[in-house]
S.K.: 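Take a look at the following structure, please.
Each ligand, and each atom within it, is numbered from 1 in the order the structure gives.
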Amino acid sequence: MPDIKPLPPSVINKIAAGEVIERPASVVKELLENSVDAGATRIDVSVTKGGSELIRISDNGCGIAADQLQLAVASHATSKIREADELFSVQTLGFRGEALASIAEVSHLVLRSRTAADDAGSELEVVGGRAGQTVPCACPRGTTVEVRNLFFNTPVRRKFLRSTQTEMGHVSEAFARVALAHPQIHFTLTHNEKRLHELPPVENWRTRIESLFGPDMAAGLIPVAGDDPLIRLSGFVADPNLSRGNNRMQYLFLNGRHIRDRSLQHALSEAYRGLLLTGRYPIAFLRLEMPPEEVDVNVHPAKLEVRFQDGGRIYSELLGTLRKKFLSTDLTARVRSTAGTTGDESAEAHDASGAAQHRRELVDWAKGQLPDPSANQENDASPAGLPLRYDPPDFKPFDRPAPASADRESRRPMSSSAKPGDAHPAPAPRMAPNALQVHDRYLIAEDESGVVVIDQHALHERVIYEQLRERILNGHVETQRLLVPETVSLAPAEAAAALDARELLAQLGIEVEPFGGDTLLVSTYPAMLANINPAELLRQVVEQLLSGGKQPDRRDLLDELLHMISCKAAVKAGDRLSAEEITSLLQHRDLCQDAHHCPHGRPTALVFTREELDRRFKRI
Ligand code: ADP
Ligand code: MG
C-alpha cells in the first residue's frame with residue numbers, strides 16, 4: 001500500500017465542485033441565490049449554448065468590495081455566517097462559502113463588482129481555480145459573474161453534458177424555481193440572445209406563476225392558506241384535471257428556498273386521493289414560512305432537501321389545509337360555475353364532458369369526506385340549503401364503478417353517438433346484429449367454438465395499437481396538418497424532452513417546433529387519432545418520455561408511446577357503443593394479429609366453448 005498523503009487543494013476543490021456543480025443549471029442556481037442574498041431587485045441571466053459556453057448573471061445587489069473579491073472565490077469563505085451556531089438559524093440562501101470557489105475551479109470565471117460606497121468597480125478573473133490580480137474596472141453597482149467553458153478541465157463532466165436543449169431545460173427550471181420563490185424581484189432569462197422570460201416584479205404570486213407557466217395553469221389554481229401560526233402555509237394547488245404524470249410540477253418553497261420533500265409530496269397525493277387516477281400527480285405551488293431554527297437546511301450539498309424538527313406537524317398541516325379547502329364553499333363554487341358549460345354542443349363539448357366527470361368526482365369525493373352524510377343529504381334536498389346541485393343533469397347516477405371511471409379522462413373516438421353525459425339508469429344490454437353490449441363494457445358474441453365475452457376497451461386498444469404500429473413500421477403514418485398550429489406551454493424540462501425526441505415524435509406523426517420559451521408548436525398529429533386533442537396528446541407523450549428515467553431503447557420508447565396513445569384513444573369501460581360501433585369493433589377483431597390480448601397483456605376476450613357450457617349444464 002503506498003503512503004497516505006493529503007490530497008492537493010486543487011484535487012479537493014474539484015471533488016467538492018463535483019458535489020455542488022453538476023451541470024450548467026447548478027451554476028445558474030448558485031449564482032441566482034447569491035444575487036438574491038445580495039438584496040438585488042433586478043437579476044438578469046444570459047446563457048449561451050445551454051450554459052456550456054457562457055453563463056452571465058448580473059444583479060443590482062450590495063456588491064463586493066475590491067479587497068473582498070479574492071475571498072469571495074476562496075473555498076469556505078462566506079459573509080453569511082460566522083459561528084457554527086448560526087448554521088441552525090440561517091436566513092440566507094447560501095452559507096457554505098463553496099459555490100463561487102467550486103464554479104471557479106471548473107471554468108473560466110470573471111467576477112465584476114461595485115458596492116454603493118465605491119466609485120469604481122473591480123474585477124477578478126479565475127481560470128480553473130487560479131485567481132489573477134484584482135484590477136479596477138468600470139461597472140454599475142452590483143455584481144456580474146461570467147462563467148465560460150464550464151468543465152473545460154474536467155473532461156468527464158463535460159462529456160456528460162446533454163444536448164443544448166436539455167441543458168437549457170434544466171437552466172430554465174433552475175431559473176423558474178428562484179423566480180417563483182421571489183416574485184418581488186425583476187428577473188430576465190435570455191438564451192442565445194433570445195429573451196425567454198421577462199418577469200417584472202409582482203405583488204400577486206399567481207401573476208408570476210402565469211408568466212412562467214401560462215394562462216391555462218393560472219386559471220386552474222386554487223388558493224390555499226393554512227392556519228398554524230408557527231408553520232405558515234400559503235399558495236396554490238391546481239384543479240385535479242390539470243394533473244401530471246410525474247411530480248415535477250410540485251413546487252415547494254421553504255423560507256424562500258425551493259425544496260423537494262418526500263413527506264410533503266406524499267401529503268399532496270393523500271389530499272388528492274380519489275381525485276386523481278393512479279399514476280397522476282397533483283400540481284402545486286406552496287410556500288412554507290417557519291422559524292429557521294425549526295429546519296436544518298444543511299443536509300444536502302445543493303440544499304435541495306431539508307430536515308424538519310417536526311415533520312409530522314408540517315405533514316398534517318398541509319394535508320389538513322388541503323382537505324379543508326377541497327371541502328370548502330370555494331371549491332364547490334368552482335364546481336358550480338363551470339358546470340354551466342357542460343350543456344353546450346360546441347367543439348369543446350368533449351372537453352367539457354371530461355371536466356364534468358372530474359367535477360363530479362370532486363363532489364362525490366367531497367361528499368364522502370363530510371363527517372355526517374345524513375346531514376349532508378338534508379342540505380342536498382332543501383332548495384334553500386347548499387347552493388350546489390350535487391347531481392348536474394348530465395350525471396350518470398348508477399353506473400359509474402369507481403375503478404373504471406379512473407381511466408375515463410380522454411376522448412372517445414368511436415362513440416360519437418353516445419355522450420358520456422347521457423343520463424340513463426342501470427345499463428340495458430345493447431344489441432348489434434352479431435353481439436350484445438352489457439354493462440357498457442363487455443360485448444358478448446358467438447363464434448364457431450362457443451360464446452365470447454370481449455372487453456371493449458382492451459380490444460379497441462389492441463386494434464388501434466396494431467394499426468398504428470403497422471403504419472409506423474411501414475413508415476407512413478398519415479398525418480393531419482393543423483390549420484392553425486397549436487401552441488402548448490410546458491414545464492422547462494418537458495419542453496426540452498419533447499424537442500430532444502422530435503424525430504421520434506415525427507415518426508408517430510406528431511411534428512413539434514420550438515416557439516420561444518417553453519412553448520412548443522404542434523403542427524401535425526396522426527390522422528387516425530383525429531379525435532384526440534393534439535395539445536393533450538403531446539402532453540401525454542411528453543410525460544411518457546420523462547417517466548422513462550434511464551435512456552430507454554428507441555424501439556421500446558416508441559412501443560411505450562404506442563401503448564399510451566392506444567389506451568387514450570380507445571373506448572373506455574362505461575362507454576355506450578352504437579350498434580355500428582360494436583360491429584366495426586368486432587370486424588377489426590378478426591383482422592388483429594393478437595386479438596387475445598390488449599397491448600398491456602390483459603386478455604381482450606374470454607371464450608366459453610360450447611363443450612364447456614354443455615358440460616356445465618350437465619348435458620354431457
Ligand atoms: P455563500 O453564498 O455560501 O456565502 P458563495 O461562494 O456563493 O458562498 O459566495 C461567497 C461570498 O461571496 C458570499 O458570502 C458573498 O459575500 C459574496 N458574493 C457572492 N456573490 C455575490 C453577489 N452576487 N453579490 C454580493 N456578494 C456576493
Ligand atoms: Mg452562494
S.K.: For atom 16 (O) of ligand 1, which protein heavy atom lies nearest, and how many Å away is it?
M.R.: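 Protein heavy atom at minimum distance: Ser79 OG, 2.4 Å.
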S.K.: Where on Leu100 is there a heavy atom closer than 4.0 Å to ligand 1, on the side chain, on the backbone, on both, or on neither?
M.R.: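 It is both parts that get close, each with some atom under 4.0 Å.
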S.K.: For atom 12 (O) of ligand 1, what's the nearest protein heavy-atom neighbour? Residue, atom name and distance, please.
M.R.: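 For this ligand atom, the closest protein heavy atom is Ala72 CB, 3.5 Å.
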S.K.: Any donor-acceptor pair under 3.5 Å linking the side chain of Gln70 with the backbone of Gln133?
M.R.: no
S.K.: If only atom types and distance count, is the side chain of Arg177 paired as donor or acceptor with the main-chain N or O of His258 below 3.5 Å?
M.R.: no
S.K.: Does Arg206 reach the main-chain N or O of Ala218 with its side chain, forming a donor-acceptor pair under 3.5 Å?
M.R.: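 Judged by distance alone, yes, a pair lies under 3.5 Å.
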S.K.: With heavy atoms under 4.0 Å as the rule, classify the contact between Asp59 and ligand 1 as side chain, backbone, both or neither.
M.R.: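 Near ligand 1, Asp59 shows its side chain, while the N, CA, C and O stay back.
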S.K.: Going by heavy atoms, is Glu98 under 4.0 Å from ligand 1?
M.R.: yes
S.K.: Under a 3.5 Å distance rule, please check whether Gln250 uses its side chain to pair with a backbone N or O of Pro282 as donor and acceptor.
M.R.: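 Side chain of Gln250 to backbone of Pro282, a donor-acceptor pair under 3.5 Å: yes, one is there.
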S.K.: Donor-acceptor pair, distance only, cut-off 3.5 Å: does the side chain of Arg208 make one with the backbone of Leu199?
M.R.: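 Yes; at least one donor-acceptor contact below 3.5 Å.
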S.K.: Does any N or O atom in Ala101 lie less than 3.5 angstrom from one in ligand 1, N or O only?
M.R.: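 By distance alone, the answer is no.
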S.K.: Checking a contact table here: which protein heavy atom is nearest atom 26 (N) of ligand 1, and how many Å away?
M.R.: Ile64 CG1, 3.3 Å
S.K.: What is the nearest protein non-hydrogen atom to atom 7 (O) of ligand 1, stated with its residue, atom name and distance?
M.R.: Asn34 ND2, 2.8 Å
S.K.: Look at Asn34 and state whether any of its N, O or S atoms is less than 2.8 Å from the Mg ion (ligand 2).
M.R.: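 Short answer: yes, at least one N, O or S atom is under the cut-off.
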S.K.: Can you pull out the closest protein heavy atom to atom 2 (O) of ligand 1? Residue, atom name and distance to 0.1 Å, please.
M.R.: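 In this structure, atom 2 (O) of ligand 1 has Lys80 NZ, 2.7 Å as its nearest protein heavy atom.
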S.K.: Heavy atom under 4.0 Å from ligand 1: found in Ala38's side chain, backbone, both, or neither?
M.R.: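 Side chain only; the backbone of Ala38 stays clear of ligand 1.
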S.K.: Indicate, with yes or no, if the rings of Phe152 and His108 have centres closer together than 6.0 Å.
M.R.: yes
S.K.: Identify the protein heavy atom lying closest to atom 22 (C) of ligand 1, giving its residue, its atom name and the separation to 0.1 Å.
M.R.: Thr143 OG1, 3.7 Å
S.K.: Below 30° counts as parallel, above 60° as perpendicular, anything between as tilted: where do the rings of His197 and Phe175 land?
M.R.: parallel
S.K.: Which residue owns the protein heavy atom closest to atom 8 (O) of ligand 1, what's the atom, and how far is it?
M.R.: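 Going atom by atom, the protein heavy atom closest to atom 8 (O) of ligand 1 ends up being Gly97 CA, 3.1 Å.
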S.K.: Taking distance alone, with no angle check, do Thr78 and ligand 1 share an N/O pair under 3.5 Å?
M.R.: yes
S.K.: Taking the six-membered ring for Trp and the full ring for Phe, Tyr or His, determine whether the centres of Phe236 and Phe285 are under 6.0 Å apart.
M.R.: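 Phe236 vs Phe285: aromatic centres not under 6.0 Å.
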S.K.: Checking side-chain contact (heavy atoms from CB on, under 4.5 Å) against Leu264, which of Leu288, Leu286, Leu254 comes through?
M.R.: Leu288
